[in-house]
Each structure stands twice: as structure tokens, then as C-alpha cells.
Amino acid sequence: MVVSTVLLICFFLPKQPRFEYEFQKGKPWNHDNLISPYNFAVLKTKEELDKDKQQILKTVQPIYNLNTSVSKEQVDQFTTDLAEKWQSSQMDTVPSLKIDDYKKKGVELLSAIYNRGVLSLNNRYQTKGTESEKLNETDANYNFTLLNNNVASQKNTVDCFTIETAYEYVKSNLDRDRDISRKKWFVEVLKNYITVNLIYNESLTDKVEQTALSNISSTRGMVQKGELIAERDKIVNNDTYQKLESLRKVFEDEAKITGNKNYVALGQFLLVGLAMTLLMVFLYYFRRQIYDNNRLLVIIFIVILAMLGVLSWAINMRISSLYFIPYCGVPIIFRILFDTRVALNIHLLMVLIAALFVPNSYDFVFLQFMSGLVAIYSIRTMVKREQFLISSLLILATYIIGYIGLVLTRNGSVSNIYWNDITPFIVSVGLTLLAYPLIYAFEKLFGIVSDLTLMELTNSNSKLLRELSLKAPGTFQHSLQVANLAEAAVYKIGGNPLLIRAGALYHDIGKMINPLYFIENQKNGVNPHEELTSEQSAQIIISHVIKGIEIAKRNLLPEVIIDFIKTHHGTTRVDYFYNEFLRDNPDKLVDETIFHYPGPIPFSKETAVLMVADSVEAAARALKEPTKDSISNLVDKIIEHKLMQKQFENANITMKDISDVAHIFKNMLMSIYHVRIDYDLSKKKDVLQ
């Protein structure tokens, strides 16, 4: 499986030799003196190309088409409509007014307007020029090319009308005409027949602009063969940096033609194989449960292949920025599905493999590694879903701070910070949120349990816990107290607090079958065990484990939760009914298996802590007078009893952990039962002094 994954990764990687030198602008050249191996042109920087584009675009004039039919149509329409408008306005009732005078004047004005031309000014061309030029009011006008029956002529918008200036022209002309007395009415009439007849030809203008832009040279100057490009220990300035970038581009283009792809593939196989081998070694020594589980290995390999495949595709497609890819989704997935160390190791592996073929690999590795660390740390303990949003914001902040820091260290100027370059980071962080539905899909497809699922299971409003609270309210309260004790202990000694809390809440669900046979649910003083033999009572008590497993499986609880049900009593003995049997039957042989839980014993730190928390909480309830000494002795006695019964042999818990757990349980139980702690007055006096 590992070899197949390595081969597939190598299949995705671009097959071309890499430029052998790593360099950064503003940093010393740490290699030997670099002499140009051949002649090559120096590429222009992005800033230089942008400046050239702006200069070229300033020289391109917009193109307008003359619509010759507009003027005739509008003048004819005016002469046709005037009689009706004249009559509807009751102008014919005034003998001194002559319609022919108005018609003649209207035709004259409309013809003059359309002969000069009417257009709409384009803001795109109004803003051309320097900042000082833009302050000039005449800058609102610009030159353009007018096409009339495929004949081009050069004009300026100052020589044409806009709709607004055409209205002003009509008004001012009529103000000087003594033959037109109803000027205001006539102006409103003529406005209806003034429209644009010079039409902006956007497609043809864009075509001319693209043609002009295509002629821009992407290079400036030449580097001759044998010329010194970079000198050892000298700072890589802007000019040297651009020469090095140009040499890299020429080298990579040459390598596509002359490089031996078989050797490149072999080198990639060795490097990727080494990285994957180290990952497997880590899993073997430190996460054996993952190493031995093919389903979990398949998840790891699928995510690695998918992300590297997307990255390789993005490089081949030459997308504008590789930072659009949600690389931080990988550590988030593995942190939630597994743990911090697994997520960190896999993220480091993927970043290093990606560095083999991404441009500006130092920048990429630095930003992705830092952001990945933040992603892992920000969801170290999954308690609330709002942590997803907080994590995303922290990742984005890391990207932005890292980007600004890299730019400042290389250029020493804020002018080189292009805020548009932050857009890929925002998109990437947004896409990173897709990690969460992917986690859900992996859980369902491969049968694993993440912290997200554990969060849902610990919701006391879930169906099964609601049923437990109704059928066995005392057991439900006991489970809540056990969950609080166990969770606090695991926080202290290290482990999964969400896992142990979920296990604690469900560990006694089997008591729902016969709730009154358990003392915490007996409220009226009636004890049904009084009517049973010791063997029968013991079997009913023990059966809550078996019943709990059946209920859990019927309700599709994860196996890791069922493990807590199986192990919370381990293989211990029901001592109360065992001793009762010995007292009542002194001469009868006893079959101890009747009084022992079926097990297995705890096999993890979490299941071991839960066993102690369960016993301690139940025993503390029975204390008639809980004091500091009685609680302390109780906890020590229970832990010692579990150790004597060898219940922790299979659990990865140390004596130091057990001591810490005991200390936490004592303090919490004293708080629960409001035990007043006696202070040594002499010590207290020393502290106060």
C-alpha cells in the first residue's frame, strides 16, 4: 500500500529538473559565484509589466461607430409628432404662434446636434493621464476614433455633444431666438428627439487594446555568457534577483526539452519514498493502533494523494496563486480524526514533498508550515463548534502576518505589499471549512470517531441520555458526576477529555432495564434485592454491563464508547453480594465466577480513569459523614483495591498518573460534599506575614 502511494505521488509530480539554487531578495547569496552559462534575456518584473501596460492603454483610443439612421429617424419623428403636440398643448388657439416657425427651428437644431454627434462619455477613458492632469476639468474629454462606413477619423469628445450638453445647446439657442416665444415648452418637446448617435464599440476597442498589449516586450536587456550574476556573500538586490529569476525560467524551459524525465522520476521516487518511510516508522513506534489498522492508513493515503494531486494540477494549470489551495485543511482533518502528533507529522511530510516542485519553495514552506501549526494548536481540544471559525480566523491572520513579514524582509518597503495578494489566503481559509464535511464522510465510510462525533454524543439532550434521565434519574446524575471527575483527571494526566466524558455518560446505560435494583434509583426505601438470593442479585448487578452493550449496539454507538461499558468494572468482583453469600452459606462451596464481571479490564488511560471515577463516586455517596480524611482514605482504598486486582495491567497509565488522579478526585469530592479543609494556623500565619 505504501509503495503504491509513493508511485501515485510521483505520478502527480511535474517531471522536470529543479533549479539547483535557492535565493531570497534582500538576503546574502550563499552559493559560489554564479557565472551565466549562456546568453539569456532578463525578464521584467510584475511592476514593470504593469507600468508598460498602463502606458500602452493610454495610447489606445476608444472606437465609436456613427449610426447615420438615428438623425433622420429622430428629425422625421419630430416633424410627424409636432402637429399633435401643438394641438394637445392648445398652441393653435393663439393666432400669433405659427407651427411652421417651430418646425423649421426644431429641424435646424436637431440637424445641427446630430451633425456634431451625440455620445456618452466613458469613465474608463476620462481618468487617463497623470494625477496632475486629472485635476484639470478638460481631462473629462478624450480623443477617440470614429468609424463611418468603415472610414476612420480622429475626433475629441469636446467637439461632440452629450445628452446633457445637447439640452443646454437647445436652451441657449432658443433663448436668443425672438421668433420662438414658448421656449420652455419647445425645449421639453425637443428633448424627446435627442439621443446618442455615436455608439461606443466595446468589442473592437478591446480587440485593439489586446493587440497593443500583446506587443509589449516581457524582457529588458540581456545577460551575456560568462557574465557574473551573483557574488558569494553579497546581498541579492532587485537587479540580481530579477536576473536569477530569469535564469531559473530559462533553465526550467530548457529542462523540459533536454532533461531526462526518467532520472527525475527516480529522484522523486527516492525522496517521496524516504518521506513516506519515515511517516510509517513514526506510526509504527508511536501510533501502533493506526499502523495496524488498514482503514486508518487508507484515510491518510487518500488525503495525501488528493492534496498533492490538486497542488500538482494547480501548478500545471498555472493558476495565479498556489495559496488558493486549502492546504491547512489537511492538518485539521488529521487533528480531528487522530491527534496532534499525527497531524503535525503528516502536515510536515506534505509540506516538504510539495517543496520539491512549487516555485518560491521557501515562502511556500514557511507560510504553510506556520499556518498548519496554528490550525493544529487552535483545535487542540474540541469543545465548541465555534472553534472552527476561530481557527479559520487565526489561520488567516497567520497567512497575512507571514506574507507581510516576508515582503518586508526582502524589500524593506511597504510599497511592495500588494493587498490583492491576500485574496488567495482568504479563499483558501474559506475552502478549509470544507474539511469538516470531509471529516464526517470519513467517519461514516471508515467507521472512526472524531471529536466532532464525541461532542454530539456528550449532548445531554441526545435520545439515549434523555431516556436514561427519565428511566433511571439517579444513574443519570451519577453518570454526570463521574463524567466531571474523569474529565478533570484526564485533563491533568493527558488523554482525550471528550472521549472519557462521552464514555462516562453512557457507561451505565444498561441500568435502564432494571433501574430499581440499583441503589441510586431507590427513593422510597424499598430494596427489591431483599427478595432475591445473593447469586441472583449479583447477576442482576453484573447484567447491566451486558445490557448496556446491547443497548449501545442497538443505538449504533461507536465501538470506542462501548469499550467504556465493557471495561468500567473490568473483571472485579461484586463484593457486597459475595460477602453476603459467604455469611449466609458458610459451609457451601462458592463459584466465584458468578460474582465477577465479565471484563475485559481497562486497556487505555481513559478506560482506567473511568473505572476509578465510577467506583469513587458511588462509594462517596455512601459516606455518612464525608470529611477530608474519610474521602482521602476512601479514594486511596479503592485505588489500592483495583491495583491488587490487577485491573490496570493493560492500560498505559503510570503510578504517577494514578497519584495525580487520586489527588484530583479527593479535591473534587471534598468540593462536591462541601468538606471544610482544616488549615495549619502556623503555616497560615507564615503566609500572611
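Just so we're clear, the structure is a prediction, and the values are computed from it rather than from any experiment.
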- request: With side chain to side chain contact (heavy atoms under 4.5 Å, CB included) as the test, would you mind laying out the steps for T240 and K243 before giving the verdict?
  value: CA-CA 5 Å; T240 304; K243 289 179 180 179; 5.6 Å; no

task: Decide side chain to side chain contact (heavy atoms under 4.5 Å, CB included) for I304 and L349; before the verdict, give the C-alpha distance in whole Å, the side-chain angles of both, and the deciding distance to 0.1 Å.
output: CA-CA 9 Å; I304 291 175; L349 164 97; 3.7 Å; yes

Test log, rule salt bridge (charged side-chain N to carboxylate O under 4.0 Å, His left out), inputs K492 and E487: CA-CA 9 Å; K492 173 66 176 177; E487 187 177 20; over 6 Å; no

message: For R501 and N496: C-alpha separation, side-chain torsions, deciding distance, then whether side chain to side chain donor-acceptor pair (under 3.5 Å) applies.
response: CA-CA 9 Å; R501 183 168 189 84; N496 190 333; over 6 Å; no

field: side chain to side chain contact (heavy atoms under 4.5 Å, CB included) evaluation trace for D451 with I379
entry: CA-CA 10 Å; D451 285 356; I379 53 174; over 6 Å; no

task: I would like to know whether V609 and I500 meet side chain to side chain contact (heavy atoms under 4.5 Å, CB included); could you show each step before the answer?
output: CA-CA 8 Å; V609 170; I500 198 168; 3.7 Å; yes

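Looking only at distances, a side-chain donor or acceptor of N555 sits under 3.5 Å from a matching main-chain atom of I551. Judged purely by atom type and a 3.5 angstrom limit, D657 uses its side chain to pair as donor or acceptor with the backbone of T654. In this structure, N293 contributes its side chain and Q289 its backbone to no donor-acceptor pair below 3.5 Å. Using modelled atom types, one side-chain atom of T607 and one backbone atom of S604 make a donor-acceptor pair closer than 3.5 Å. Without hydrogens or angle criteria, T5 side chain to F301 main chain gives no donor-acceptor distance under 3.5 Å. At least one donor-acceptor pair under 3.5 Å links the side chain of N652 to the backbone N or O of K605. In this structure, Y327 contributes its side chain and M350 its backbone to a donor-acceptor pair below 3.5 Å. At distances below 3.5 Å, not a single donor-acceptor pair connects side-chain atoms of T458 with backbone N or O atoms of A502. For S659 (side chain) and M655 (main-chain N/O), no donor-acceptor pair under 3.5 Å exists by modelled atom type.
To the nearest 0.5 Å, atoms SG (C10) and CG (L270) are separated by 8.5 Å. Note that CG of L43 is 10.5 Å distant from CG of L247, once rounded to the nearest 0.5 Å. Interatomic distance, I290 CD1 to F338 CZ, rounded to the nearest 0.5 Å: 5.0 Å. Atom CG of L322 and atom OG of S312 lie 10.5 Å apart (nearest 0.5 Å). Between the CD atom in Q647 and the NE2 atom in H568 there is a gap of 12.0 Å [rounded to 0.5 Å]. From I509, atom CD1 reaches atom CD1 of I562 across 8.0 Å, with rounding to the nearest 0.5 Å.
Remark: I448 pairs with R295, L296, I299, L337, E443 by the side-chain contact (heavy atoms from CB on, under 4.5 Å) rule, at least two apart or across chains. Evaluation of the side-chain contact (heavy atoms from CB on, under 4.5 Å) rule for R220 yields V42, K44, E48, D239, Q242 as partners, not counting sequence neighbours.
Annotation for L431 and F324: closest pair CD1-O, 3.6 Å, computed over non-hydrogen atoms. Of all heavy-atom pairs spanning G503 and I561, the tightest one is N-CD1, 4.0 Å. Considering every non-hydrogen atom in both L367 and S371, the closest pair reads O-OG, 2.8 Å. Heavy-atom minimum distance, L465 versus L457: CD1-O, 3.7 Å. Minimum heavy-atom separation, P602 to T567: CG-O, 3.8 Å. Closest approach of I639 to I658, counting heavy atoms only: CG2-CG2, 3.5 Å.
Between the side chains of N459 and S462, no donor N or O sits under 3.5 Å from an acceptor N or O. The closest side-chain donor-acceptor pair between N420 and T423, if any, does not fall under 3.5 angstrom. Residues Y399 and Q368 bring a donor and an acceptor atom of their side chains to less than 3.5 Å of each other.
With a 4.5 Å cut-off on side-chain heavy atoms, Y323 and D363 count as touching. Between D660 and F665, the closest side-chain pair of non-hydrogen atoms is not below 4.5 Å. Contact of the V303 side chain with the F442 side chain is registered, since non-hydrogen atoms from C-beta on lie closer than 4.5 Å. Side-chain contact between L433 and S392 is present, with heavy atoms from C-beta onward closer than 4.5 Å. The closest side-chain heavy-atom distance from F564 to E606 is below 4.5 Å. Looking only at side-chain heavy atoms (C-beta outward), F425 and Y403 come within less than 4.5 Å of each other. Residues H507 and S479 are in side-chain contact: their nearest non-hydrogen atoms beyond the backbone lie under 4.5 Å apart.
Between R335 and D339 there is no salt bridge, since no side-chain nitrogen of the basic residue lies less than 4.0 Å from a carboxylate oxygen of the acidic one. Under 4.0 Å is where a charged nitrogen must lie from a carboxylate oxygen, and between D32 and R232 at least one such pair does.
Between F369 and H347, the ring planes lie parallel to each other; the angle is under 30°, not in the 30° to 60° tilted range. Aromatic ring orientation, W29 versus H31: perpendicular (interplanar angle above 60°, classes split at 30° and 60°). Classification of the Y362-F366 ring pair by plane angle, with boundaries at 30° and 60°, yields parallel.
R287 forms no cation-pi arrangement with F282, by the criterion of a distance under 6.0 Å to the ring centre and an angle within 45° of the ring axis.
Residues Y285 and Y291 keep their aromatic ring centres 6.0 Å or farther apart. Aromatic pair F388/Y436: centroids less than 6.0 angstrom apart.
Other residues, nucleotides and ligands contribute only 12 or fewer heavy atoms inside 6.0 Å of the OH atom of Y284.
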Per-pair distances, 0.1 Å, donor-acceptor, side chain in residues 274-281, under 3.5 Å, sequence neighbours excluded:
residue	atom	partner	partner atom	Å
T277	OG1	G273	O	2.6

